[in-house]
Engineer: 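I have a structure I would like to understand better, so I am pasting it below and will then ask my questions one at a time.
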Amino acid sequence: MNRLDISLIRDLPPFVGMEVVDLQNILAQATAHRHEKGTTIFSESEKANYFYLLLDGHIRVVKINQNGEQMIARYISAGESYGIAKAIGRDTYPANAVAAVDCLSLAWPTKIWDDIILQHPNFATNSYQTVGKRLFETQERMLELATAKVEQRVANVILKLANQTGKKTEEGILIDFPISRQDISEMTGTTLHTVSRLMSAWEDKGWVKSGRQKIVLVEGHKLMLVATNAAD
DNA sequence: CCATTAAAGGATT
DNA sequence: AATCCTTTAATGG
């Protein structure tokens with residue numbers, strides 16, 4: 001009855017440990033959504049009518065202050081759920097979600113969240129593990145923002161992104177979606193100029209190769225040293 | 001050490 | 001052509 005095959009989701013984190021019938025049941029209630037690069041999928045404080053699973057693409061999760069200044073809270077990669085407001089006890093979205101590239105997602109109406117949680121304990125467990133993991137990551141970033149120098153923070157995000165979404169090329173590990181200096185600065189609490197200067201310096205040393213909205217990590221271990229060494 | 005401001009040039013649409 | 005992205009330099013906290 002459904003054109004979606006369970007092989008789409010079977011091995012993804014939100015669904016590990018689930019039986020085929022359960023997967024089929026859940027999948028039958030999903031609809032596929034496309035989001036063009038640059039479009040806002042949902043906005044902060046908007047009613048959370050759907051929760052999502054990203055099948056393909058990359059999504060930026062963004063917080064904005066009263067001044068209109070932005071901070072990138074995280075990137076969502078393929079296989080991750082997002083917009084799961086109910087999992088953190090909300091009925092509105094906690095941030096904005098923007099498609100960093102053309103994206104393909106599955107979506108479920110939030111009103112069936114409670115049913116799914118009740119009927120599929122594995123899904124419930126996986127969901128709170130996801131929430132816990134993200135909380136942990138957020139705390140680590142807070143610690144970093146409070147204690148690490150700009151140089152270390154920038155080195156760190158580049159390493160993390162390369163790890164998360166890196167694609168091997170002849171030159172090195174390519175961060176597999178368009179990312180600007182501005183984006184990096186919004187992740188590290190600095191300015192695009194400082195990011196630009198750091199990246200230029202690292203490029204001169206041959207540690208990275210970069211261009212417009214493009215970063216290739218060439219000498220990962222060198223950046224590791226920058227990221228971990230508090231000393232100059 | 002890092003932010004801000006300004007200026008200028010290249011890339012993209 | 002207009003807009004977006006990056007670089008570089010100067011200045012100041």
Side-chain angles (χ1 to χ4, degrees), chain A residues 33-44 56-77 95-104 137-232:
Chain A
H33 293 226
R34 294 193 164 282
H35 301 284
E36 204 183 323
K37 175 182 174 180
T39 56
T40 297
I41 299 166
F42 54 72
S43 303
E44 176 163 2
D56 188 48
H58 295 279
I59 288 168
R60 250 197 321 270
V61 179
V62 180
K63 297 282 283 184
I64 303 181
N65 71 7
Q66 294 78 4
N67 248 334
E69 294 164 321
Q70 299 194 0
M71 173 190 168
I72 298 178
R74 64 171 61 262
Y75 275 91
I76 302 291
S77 303
N96 297 8
V98 180
V101 294
D102 289 346
C103 289
L104 177 61
E137 286 168 5
T138 303
Q139 289 177 160
E140 289 222 304
R141 281 193 60 202
M142 282 186 55
L143 179 65
E144 196 183 81
L145 275 171
T147 62
K149 293 185 302 183
V150 168
E151 195 185 27
Q152 303 174 264
R153 307 204 298 267
V154 174
N156 226 297
V157 270
I158 292 174
L159 287 168
K160 258 193 246 169
L161 289 172
N163 257 325
Q164 232 179 65
T165 78
K167 217 175 92 185
K168 283 206 182 74
T169 68
E170 314 83 52
E171 302 188 304
I173 302 170
L174 169 72
I175 294 176
D176 204 19
F177 55 86
I179 184 156
S180 68
R181 316 283 139 146
Q182 174 86 50
D183 293 332
I184 301 282
S185 71
E186 286 177 13
M187 281 185 274
T188 51
T190 182
T191 63
L192 73 162
H193 306 113
T194 298
V195 174
S196 178
R197 281 189 288 265
L198 286 171
M199 302 262 296
S200 297
W202 293 338
E203 176 134 26
D204 288 345
K205 295 180 183 176
W207 299 353
V208 301
K209 290 208 86 177
S210 67
R212 189 190 171 88
Q213 299 196 120
K214 186 188 117 185
I215 300 173
V216 180
L217 182 58
V218 182
E219 304 262 13
H221 53 287
K222 294 286 189 186
L223 277 200
M224 286 274 294
L225 289 178
V226 176
T228 47
N229 254 350
D232 293 345

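Computed from heavy atoms alone, side chains included, the values below leave out hydrogens, waters and symmetry copies.
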Engineer: Any side-chain N or O of A:Arg181 below 4.0 angstrom from OP1/OP2 of C:dC5?
Structural biologist: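 No, no such contact exists.
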
Engineer: Quick one: is C:dC5 close enough that its OP1 or OP2 comes under 4.0 Å of any side-chain N or O from A:Ser180?
Structural biologist: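 No, A:Ser180 has no side-chain N/O under 4.0 Å of OP1/OP2 on C:dC5.
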
Engineer: Would A:Met187 and A:Leu161 count as a side-chain contact (heavy atoms from CB on, under 4.5 Å) if you check the C-alpha gap in whole Å, the side-chain angles of each, and the deciding distance to 0.1 Å?
Structural biologist: CA-CA 11 Å; A:Met187 281 185 274; A:Leu161 289 172; 3.8 Å; yes

Engineer: Would you indicate whether the side-chain heavy atoms of A:Ile64 and A:Glu44 approach each other to under 4.5 Å?
Structural biologist: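 The answer is no; the side chains never approach within 4.5 Å.
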
Engineer: Which whole-number value in Å describes the distance from A:Trp202 CH2 to C:dT7 C1'?
Structural biologist: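 Rounded to whole Å, this separation is 16 Å.
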
Engineer: Expressed as a whole number of angstroms, how long is the span from A:Arg153:CZ to B:dC2:C1'?
Structural biologist: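 The answer, rounded to whole Å, is 10 Å.
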
Engineer: Could you pull out the closest heavy-atom pair between A:Leu159 and A:Gly220, with the gap in Å?
Structural biologist: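 Closest approach of A:Leu159 to A:Gly220, heavy atoms only: CD2-O, 3.7 Å.
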
Engineer: So, using ring pair (Phe, Tyr, Trp, His ring centres under 6.0 Å) as the criterion, who are the partners of A:Phe177 when residues are at least two apart?
Structural biologist: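 A:Phe177 satisfies ring pair (Phe, Tyr, Trp, His ring centres under 6.0 Å) with A:His58, A:Tyr75 only.
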
Engineer: Is the shortest side-chain heavy-atom distance between A:Ile41 and A:His33 below 4.5 Å?
Structural biologist: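 SC-SC contact between A:Ile41 and A:His33 ruled out.
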
Engineer: Write out a two-atom table: protein N or O, nucleotide N or O from nucleotides 1-4 of chain C, distance below 3.5 Å.
Structural biologist:
from, atom 1, to, atom 2, distance (Å)
C:dC4, O2, A:Arg212, NH2, 3.3

Engineer: Applying the side-chain contact (heavy atoms from CB on, under 4.5 Å) criterion to A:Val150, which one of A:Thr188, A:Thr191, A:Thr194 satisfies it?
Structural biologist: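 That would be A:Thr194; it is the only one of A:Thr188, A:Thr191, A:Thr194 passing the side-chain contact (heavy atoms from CB on, under 4.5 Å) with A:Val150.
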
Engineer: Does A:Ile179 reach the side chain of A:Ile184, with side-chain heavy atoms less than 4.5 Å apart?
Structural biologist: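 Result yes, sub-4.5 Å side-chain heavy-atom pair found.
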
Engineer: May I have the distance from A:Glu186 (atom CD) to B:dA3 (atom P), rounded to whole angstrom?
Structural biologist: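 So the two atoms are 14 Å apart, to the nearest Å.
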
Engineer: Base, sugar-phosphate, or nothing: which does A:Ser200 touch, judged by heavy atoms less than 4.0 Å apart?
Structural biologist: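 Contact class for A:Ser200: sugar-phosphate only.
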
Engineer: Closest heavy-atom contact between A:Leu217 and A:Ala162?
Structural biologist: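 A:Leu217 and A:Ala162 have their closest heavy atoms at CD2-CB, 3.7 Å.
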
Engineer: In whole angstrom, give the distance that lies between atom CD of A:Glu36 and atom C1' of B:dT13.
Structural biologist: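 It is 13 Å, rounded to the nearest whole Å.
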
Engineer: What's the NZ-P distance between A:Lys214 and C:dT6, to the nearest Å?
Structural biologist: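 It is 12 Å, rounded to the nearest whole Å.
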
Engineer: Could you state the atom-to-atom distance from CG of A:Asn67 to P of B:dA3 in whole Å?
Structural biologist: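 One finds 17 Å between P of B:dA3 and CG of A:Asn67, rounded.
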
Engineer: What are the two closest non-hydrogen atoms of A:Arg141 and A:Ala73, and how far apart are they?
Structural biologist: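 Minimum heavy-atom contact is NH1-O, 2.6 Å.
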
Engineer: Between C:dA10 atom P and A:Arg197 atom CZ, what is the distance in whole Å?
Structural biologist: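 It is 12 Å, rounded to the nearest whole Å.
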
Engineer: Short of 4.0 Å, heavy atom to strand atom, which residues of residues 188-195 of chain A count as contacting DNA chain B?
Structural biologist: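 Contacting residues: A:Gly189, A:Thr190, A:Thr191, A:His193, A:Thr194.
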
Engineer: From CG of A:Leu198 over to P of C:dT7, roughly how many Å is that when rounded to an integer?
Structural biologist: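 For the pair A:Leu198 CG and C:dT7 P, the rounded distance is 11 Å.
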
